[in-house]
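Structure first, commentary second.
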Amino acid sequence: MQDWIINVWGVRGSMPAPSRDFLEFGGNTACISVDCGEALVVFDAGSGLAALSRRLRTGRPIHLFLSHVHIDHLMGLFVFSQLHNPDAEIHLYGEARDGSSFRQQLEVLIGPPYWPVGFAGFAAAVTFHEIGPEQTLPLPGGLAVRTMRSNHPNLSLLYRLESAEKRVVYTLDCELTEELRPRLVEFCRDADAVVWDANFTAQDLALHPGWGHSSWEQGAAVQRDANVRLMLMTHYNQNYTDGFLREQELLAQGPGIRFARENMEVRL
Ligand SMILES: [Zn+2]
Ligand SMILES: [Zn+2]
């Protein structure tokens, strides 16, 4: 059975945090890849995508799923060097919103006047896949990605990557509510790993209802209820320092709970 390898490239929410207080966990925004052997799947294009593109050694197609188009999940596309590689095949997945196609949303931001080069100028073969909630998208190698509507401002999708043997769920960005909980628990059911929106502590979450994020405490509860093997906390608030996150990590400690750090590699 082929191992899957999760690589963590960015762990931060909202804005990069490039200073010495954030070096241990990392200061780049959301980006995680899952190397499934036959396919390289990437979730979100935060500033961590720049690190992935530096390390990338693949002639395989890249399947990049955007949960939504908030800037912290997109900013890595500006410097995604594979877009300039004429041999690269890149599939971008995301949804239409507010009357704009998925492609139009990206073209507004990535291109003049916000950026000197746009999709018309990239050398890579880029395919836009407009997707929505409650879909099952086949990928090469017998893989599939299922989608679910998140609870987050301006529309966001949750993803479940699965093969016959393995399952990884990606829940950025999402505010867990009692109404959403049963469906989300089912979406996470029996996953080998869930990448969890741990933007807040429970205490801070109570001060930010409606901001579209969850807490690590909620993730720990979902891990138990959904029989998740590994709950990987990430998308940390941009103000949470290494010292603070280490404290939370100690409070959270339990089998199958890990706090993501940049450059972490998890083999499933
Ligand atoms: Zn975010
Ligand atoms: Zn967001």
Side-chain angles (χ1 to χ4, degrees), residues 6-18 22 25-34 41-52 64-80 92-98 100 102 105-106 108-110 114 131-133 147-160 168-177 180 184 187 194-201 204-205 207-216 218-219 222 231-241 244-245 248 259-262 264:
I6 298 177
N7 286 102
V8 177
W9 306 105
V11 300
R12 214 38 81 169
S14 304
M15 282 298 284
F22 305 93
F25 286 83
N28 282 301
T29 63
C31 181
I32 291 226
S33 62
V34 186
V41 178
V42 182
F43 292 113
D44 279 329
S47 65
L49 186 66
L52 180 152
L64 173 44
F65 290 81
L66 295 183
S67 58
H68 61 313
V69 291
H70 284 163
I71 194 76
D72 51 324
H73 295 250
L74 269 194
M75 55 176 64
L77 282 175
F78 291 122
V79 290
F80 187 32
L92 296 174
Y93 300 80
E95 62 185 325
R97 52 172 63 71
D98 301 332
S100 290
F102 172 52
Q105 294 162 48
L106 295 192
V108 162
L109 192 68
I110 299 165
Y114 299 108
I131 61 174
T147 63
M148 178 182 154
R149 169 65 62 227
S150 178
N151 175 33
H152 192 69
N154 315 121
L155 297 186
S156 188
L157 289 174
L158 310 179
Y159 294 116
R160 179 179 168 109
V168 170
V169 178
Y170 185 83
T171 75
L172 277 46
D173 292 350
C174 184
E175 180 169 350
L176 188 60
T177 59
L180 182 67
L184 187 59
F187 200 65
V194 171
V195 180
W196 185 260
D197 179 342
N199 194 81
F200 291 122
T201 61
D204 286 345
L205 178 63
L207 301 174
H208 299 88
W211 282 44
H213 293 290
S214 295
S215 68
W216 65 257
Q218 290 173 316
V222 168
M231 186 59 82
L232 193 58
M233 308 296 180
T234 188
H235 199 284
Y236 308 123
N237 185 292
Q238 76 274 12
N239 298 316
Y240 288 178
T241 61
F244 183 78
L245 285 172
Q248 302 307 309
F259 276 53
R261 287 164 168 78
E262 276 173 36
M264 179 186 266

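When a ligand or atom number is given, it counts from 1 through the structure's own listing order.
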On the 0 to 90° scale, with breaks at 30° and 60°, tag the Phe259-Tyr236 ring pair as parallel, tilted or perpendicular. parallel
Hey, can you tell me if Tyr159 and Phe43 have their rings parallel, tilted or perpendicular (30° and 60° cut-offs)? parallel
Decide, counting backbone as well as side-chain atoms, whether His73 has an N, O or S atom less than 2.8 Å from the Zn ion (ligand 1). yes
Asp72: which N/O/S atom is nearest the Zn ion (ligand 1)? OD2
Might you work through the side chain to side chain donor-acceptor pair (under 3.5 Å) test for His152 and Asp197, ending with a clear yes or no? CA-CA 11 Å; His152 192 69; Asp197 179 342; 5.5 Å; no
The Zn ion (ligand 1) to nearest N/O/S of Asp44 below 2.8 Å: no
Rounded to 10 degrees, what angle sits at the Zn ion (ligand 2) between His152 NE2 and Asp173 OD2? 90°
Side chain to side chain donor-acceptor pair (under 3.5 Å), that's the test. Do Trp196 and Ser214 meet it? Break it down for me. CA-CA 8 Å; Trp196 185 260; Ser214 295; 4.9 Å; no
What's the atom name of the N, O or S in His70 nearest to the Zn ion (ligand 2)? ND1
In His68, the N/O/S atom nearest the Zn ion (ligand 2) carries the name NE2
Over 60° means perpendicular and under 30° means parallel, so classify the ring planes of Tyr93 and Phe65, tilted if in between. parallel
Output yes if His213 passes the N/O/S-under-2.8 Å test against the Zn ion (ligand 2); output no otherwise. no
For the residue pair His208 and Asn199, confirm or rule out a side-chain donor-acceptor distance under 3.5 Å. no
